[in-house]
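Chain naming here is simple, since letters A, B, ... match the order of the sequence lines and numbering starts at 1 in each.
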Number of protein chains: 2
Amino acid sequence: MKLTFTEENYLKAIYKLLEQSGKPASTNDIAGILQTSAASVTDMVKKLAEKGLVDYEKYKGTRLNEEGKNHATLLIRKHRLWEVFLMHSLKFRWDEVHDIAEQLEHVQSEKLIDELDRFLGFPKYDPHGDPIPDKNGRYTFRHQIPLSQLEKNKKGLVVGVKEHSRSFLNHLDNLNLKISSRIEILDINEYDDLIEIRIDDNQREKISRKVADNLFVQNT
Amino acid sequence: MKLTFTEENYLKAIYKLLEQSGKPASTNDIAGILQTSAASVTDMVKKLAEKGLVDYEKYKGTRLNEEGKNHATLLIRKHRLWEVFLMHSLKFRWDEVHDIAEQLEHVQSEKLIDELDRFLGFPKYDPHGDPIPDKNGRYTFRHQIPLSQLEKNKKGLVVGVKEHSRSFLNHLDNLNLKISSRIEILDINEYDDLIEIRIDDNQREKISRKVADNLFVQNT
DNA sequence: ATATATTTTTAGATTTATCTAAAATTTAGA
DNA sequence: TCTAAATTTTAGATAAATCTAAAAATATAT
Ligand SMILES: [Mn+2]
Ligand SMILES: [Mn+2]
Ligand SMILES: [Mn+2]
Ligand SMILES: [Mn+2]
């Protein structure tokens with residue numbers, strides 16, 4: 001089904017909220033993500049329900065149905081593949097790719113996205129470590145934990161970020177932290193909760209719990 | 001200036017008409033290209049005039065001013081670079097690229113298009129032989145004539161197509177004719193005006209004047 | 001030159017996505 | 001449990017891009 005940019009953005013917002021909480025998306029939360037009024041959201045979710053993309057119950061919230069979920073997954077596939085393209089082929093930084101991918105993800109062409117996938121070598125993860133759905137909507141899951149859950153003296157490999165904000169990504173750049181960085185927990189300070197780590201068997205850095213919560217690592 | 005898709009499509013239409021005829025674009029002609037009503041066109045050209053992109057005189061037609069011309073040229077740059085990308089990187093055929101480029105050309109990011117340009121090696125021409133404006137809006141012109149103007153026993157190199165329709169491009173595919181094909185005029189039939197050519201020093205083919213009018217060649 | 005045809009503009013309506021303000025419903029606190 | 005706060009929906013308005021039908025201007029043909 002051909003949808004407008006707006007409709008697609010609503011589907012993505014509802015998908016994200018469902019992913020985060022597992023519960024139906026509330027009108028207010030959708031409005032928050034899309035920076036619009038609750039009244040507009042009510043109008044639009046009714047329309048999406050009409051079109052058979054979501055299940056909507058007055059005052060109860062909105063959830064994607066099968067078709068809505070498929071469409072949202074396709075959008076995420078497109079978004080993340082474009083991010084890989086921007087980063088690997090066009091040499092963008094990881095803090096720059098999201099905004100442009102927000103536009104590119106709405107381009108309509110199944111062949112385009114499948115050929116892009118092939119061109120990029122069927123990548124499994126995007127520049128932020130998020131999994132890329134394949135042509136059939138299937139993800140490759142990965143065992144990962146927040147860096148804040150890694151214990152003292154244990155080692156881990158950075159595989160993703162939870163936050164995607166520019167400021168967080170720039171902060172990581174300044175710390176020399178990136179996807180595939182090796183990390184060892186040297187100390188966790190009892191008093192101020194700062195975590196001291198060694199990065200790539202090299203520099204030592206102190207990071208806040210906020211940063212550690214937003215970094216995903218694999219045990220190594 | 002940030003423009004809507006619709007506004008950008010009007011600018012392109014006006015640009016094309018000016019390019020074709022040299023005269024200001026008529027309301028009806030714009031409506032024809034954009035498949036819309038004359039009344040809508042009047043509304044929109046007034047709005048574009050308000051925004052300082054076109055000069056519009058009631059009943060006299062519309063022409064791009066400096067700013068409108070710059071914006072239209074940027075759109076053409078984006079369109080043609082995306083066509084090159086689709087063809088060279090993603091292996092699309094030359095009859096498939098236009099429709100997708102019509103969508104991609106509206107993505108807003110100066111860095112995106114300049115990096116794409118670099119990635120593609122600063123191509124001078126698109127898959128149909130049309131020149132690609134550089135970052136400053138400058139084209140590389142090329143001396144070319146329609147194949148129909150090539151004389152008997154003369155040789156030429158195919159450098160572009162005038163028509164961009166799918167059916168014409170597919171017809172050329174069937175004849176094995178493509179950009180960079182070498183052509184020799186073997187005979188021009190007096191009775192039915194069919195032109196007999198040799199392609200790549202190899203096969204002989206008879207083509208109609210209609211086809212010959214729509215193929216650009218360089219004398220060799 | 002005058003009538004006719006064509007083109008273009010205007011007037012008024014429609015659709016889509018948005019808004020604000022007020023009403024209805026649900027949730028949470030005392 | 002009752003009341004107050006928060007959330008959500010409804011009602012009505014607005015802005016952008018479109019439409020149709022009618023009026024106005026221009027072009028064409030006898
Ligand atoms: Mn992103
Ligand atoms: Mn991402
Ligand atoms: Mn094209
Ligand atoms: Mn082209």
Just to confirm, is there a sub-4.0 Å distance from OP1 or OP2 of D/dT18 to any side-chain nitrogen or oxygen of B/Ser40?
-> no
For A/Tyr10 and A/Ile30, indicate whether the former's side chain and the latter's backbone hold a donor-acceptor pair under 3.5 Å.
-> no
Which residues, if any, of residues 43-59 of chain A bring a heavy atom under 4.0 Å of DNA chain D?
-> A/Lys46, A/Tyr56, A/Lys58, A/Tyr59
State whether B/Glu115 and B/Arg118 are salt-bridged, where the test is any N-O pair (Lys NZ or Arg NE/NH1/NH2 against Asp/Glu carboxylate O) under 4.0 Å.
-> yes
Kindly check if the number of other-residue, nucleotide or ligand heavy atoms within 6.0 Å of NZ (A/Lys51) is above 12?
-> yes
Which pair of non-hydrogen atoms, one from B/Asn65 and one from B/Glu67, has the smallest distance, and what is that distance?
-> OD1-N, 3.0 Å
SB check B/Arg63 B/Asp55 (cutoff 4.0 Å) = no
Pick base, sugar-phosphate or nothing for B/Thr6, based on heavy-atom distances below 4.0 Å to the nucleic acid.
-> sugar-phosphate
Salt-bridge criterion met for B/Glu19 and B/Lys16 (N-O under 4.0 Å) | no
Per the under-4.0 Å heavy-atom filter, residues of residues 29-39 of chain A near DNA chain C come out as A/Thr36, A/Ser37, A/Ala39
Interatomic distance, B/Leu11 atom CG to B/Lys69 atom NZ [nearest 0.5 angstrom] = 12.0 Å
A/Leu194 to A/Ser208 - nearest heavy-atom pair and separation = CD2-CA, 3.7 Å
Which residues within residues 19-28 of chain B lie with some heavy atom under 4.0 Å of an atom in DNA chain D?
-> none
Outermost contacting nts on DNA chain C, any atom under 4.0 Å from chain B heavy atoms, listed 5' then 3', are C/dT7 to C/dT10
Which pairs pass salt bridge (charged side-chain N to carboxylate O under 4.0 Å, His left out) with one or both residues in residues 24-49 of chain A, sequence neighbours excluded?
-> A/Glu7-A/Lys47
Which residue, A/Lys124, A/Lys78, A/Lys111, A/Arg77, forms the salt bridge (Lys or Arg N to Asp or Glu O under 4.0 Å) with A/Asp117?
-> A/Arg77
Nearest heavy-atom neighbours spanning B/Ala101 and B/Trp82 = CB-CB, 4.3 Å
Is it true that B/Lys162 and B/Asp213 have a side-chain N and a carboxylate O under 4.0 angstrom from each other?
-> no
Between A/His128 and A/Trp94, what is the ring plane arrangement, given parallel below 30°, perpendicular above 60°, and tilted in between?
-> parallel
Criterion salt bridge (charged side-chain N to carboxylate O under 4.0 Å, His left out) on A/Lys154 and A/Glu151, from CA distance to verdict = CA-CA 6 Å; A/Lys154 297 280 183 186; A/Glu151 287 160 27; 5.1 Å; no
As a check of understanding: the bend across the helix from C/dA1-D/dT30 to C/dA30-D/dT1, end axes from five pairs, rounded to 10 degrees, works out to 0°
Would you call the rings of A/Phe85 and B/Phe85 parallel, tilted or perpendicular if under 30° counts as parallel and over 60° as perpendicular?
-> tilted
